[in-house]
Amino acid sequence: MFEYLPQELLIEIFLKLPIKSIIQCTSFCKSWYSLLTSPNFIFIHLKNQDDYLLVRHCSGKPVKENYALFYDNENFDSYAQFDFPFESYSHFNIVGSCNGLLCLSDDLSCYRDLYYIWNPSIRKSVKLLEPIFTFGTHGPFDHKLGFGFDSVTDDYKVVRIVHTGDNVDRVPPHVELYKLSTGVWHDITPVSPSYKFFRHTPGVYVNGACHWVASQRKRFG
């Protein structure tokens, strides 16, 4: 029966299903897999989602994190609970969220340089490679992170801004970029602006771009 339904009608049917059912439907046949994993359907599905609020609850010892989604309404109704799949010596930082993906960093209290991009709805994650600029290569550092979606290249990216050296206020920042499509960090320091990024101020992804609090200095040294 489904063979004779136009694609536009199939899309309307799939849009009414929960994400778990959509994932199961990708295994039904090749044509459904092609449709449900196409950029067009993913874009339409994201635009038709309700507004949710992500809530994280952290316990002390042993370290445990719990994540849940709630409807953004007056009753604050529960939508889903997620099992946290990662182990850590301390709690993770949430670098950012975009289109249902979370970017997490396990560097709250030490130089661990452990990062994940996690889709809790389908229980899949990607562990990022070790960055280029680390404690082992450059000594003490202070860094900023950003996560978002690049609509031009249709790719999710992580930006890492690193001030290295014993006096991190005096040196220009190194900047590296991770692309989910390639799974590799790229050094983009030569094309980055010479700003001093303030400590203890997280980055924010707004209107398709990452933002940080920074100051412009004429020279470093």
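Below, all heavy atoms of this structure are taken into account, side chains as well, without hydrogens, waters or symmetry copies. One is the number of the first residue; the rest follow in order along the sequence.
- In this model, a donor atom of one side chain and an acceptor atom of the other lie less than 3.5 Å apart for Asp155 and Ser181.
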Below 3.5 Å, can you tabulate the donor-acceptor pairs from side chains in residues 8-18 to any protein atom, sequence neighbours excluded?
none

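- In this structure, the ring of Phe86 has its center less than 6.0 angstrom from the ring center of Phe84.
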- Query: Going through the checks in order, is the side chain to side chain contact (heavy atoms under 4.5 Å, CB included) test met by Val204 and Trp212?
  - Reply: CA-CA 7 Å; Val204 179; Trp212 299 269; over 6 Å; no

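- Annotation for Gly148 and Cys210: closest pair N-SG, 4.5 Å, computed over non-hydrogen atoms.
- Taking each heavy atom of Leu129 and Tyr178 in turn, the nearest pair found is N-CE1, 4.3 Å.
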- Message: Before you tell me yes or no, could you show the steps for Val159 and Leu145 under side chain to side chain contact (heavy atoms under 4.5 Å, CB included), namely the whole-Å CA-CA distance, both residues' side-chain angles and the distance that decides it to 0.1 Å?
- Response: CA-CA 6 Å; Val159 180; Leu145 295 163; over 6 Å; no

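- Distance alone, capped at 3.5 Å, is enough to place a donor-acceptor pair between the Arg160 side chain and the Phe133 backbone.
- For Tyr115, there are no ring-ring contact (aromatic ring centres under 6.0 Å, His included) partners, not counting sequence neighbours.
- Inspection of the Tyr67 and Glu65 side chains reveals an N or O donor paired with an N or O acceptor under 3.5 Å.
- Between Phe147 atom CZ and Leu102 atom CG the span is 8.0 Å, to the nearest 0.5 Å.
- The ring of Tyr71 has its center no closer than 6.0 angstrom to the ring center of Phe76.
- Counting non-hydrogen atoms of neighbouring residues, nucleotides and ligands closer than 6.0 angstrom, the CG atom of Asp83 reaches no more than 12 such neighbours.
- Remark: side-chain polar atoms of Ser34 are not paired, donor with acceptor, to backbone N or O of Lys30 under 3.5 angstrom.
- Looking at Ser38 and Asn40, their side chains never bring a donor and an acceptor atom within 3.5 Å of each other.
- Judged purely by atom type and a 3.5 angstrom limit, His57 has no side-chain atom pairing as donor or acceptor with the backbone of Val55.
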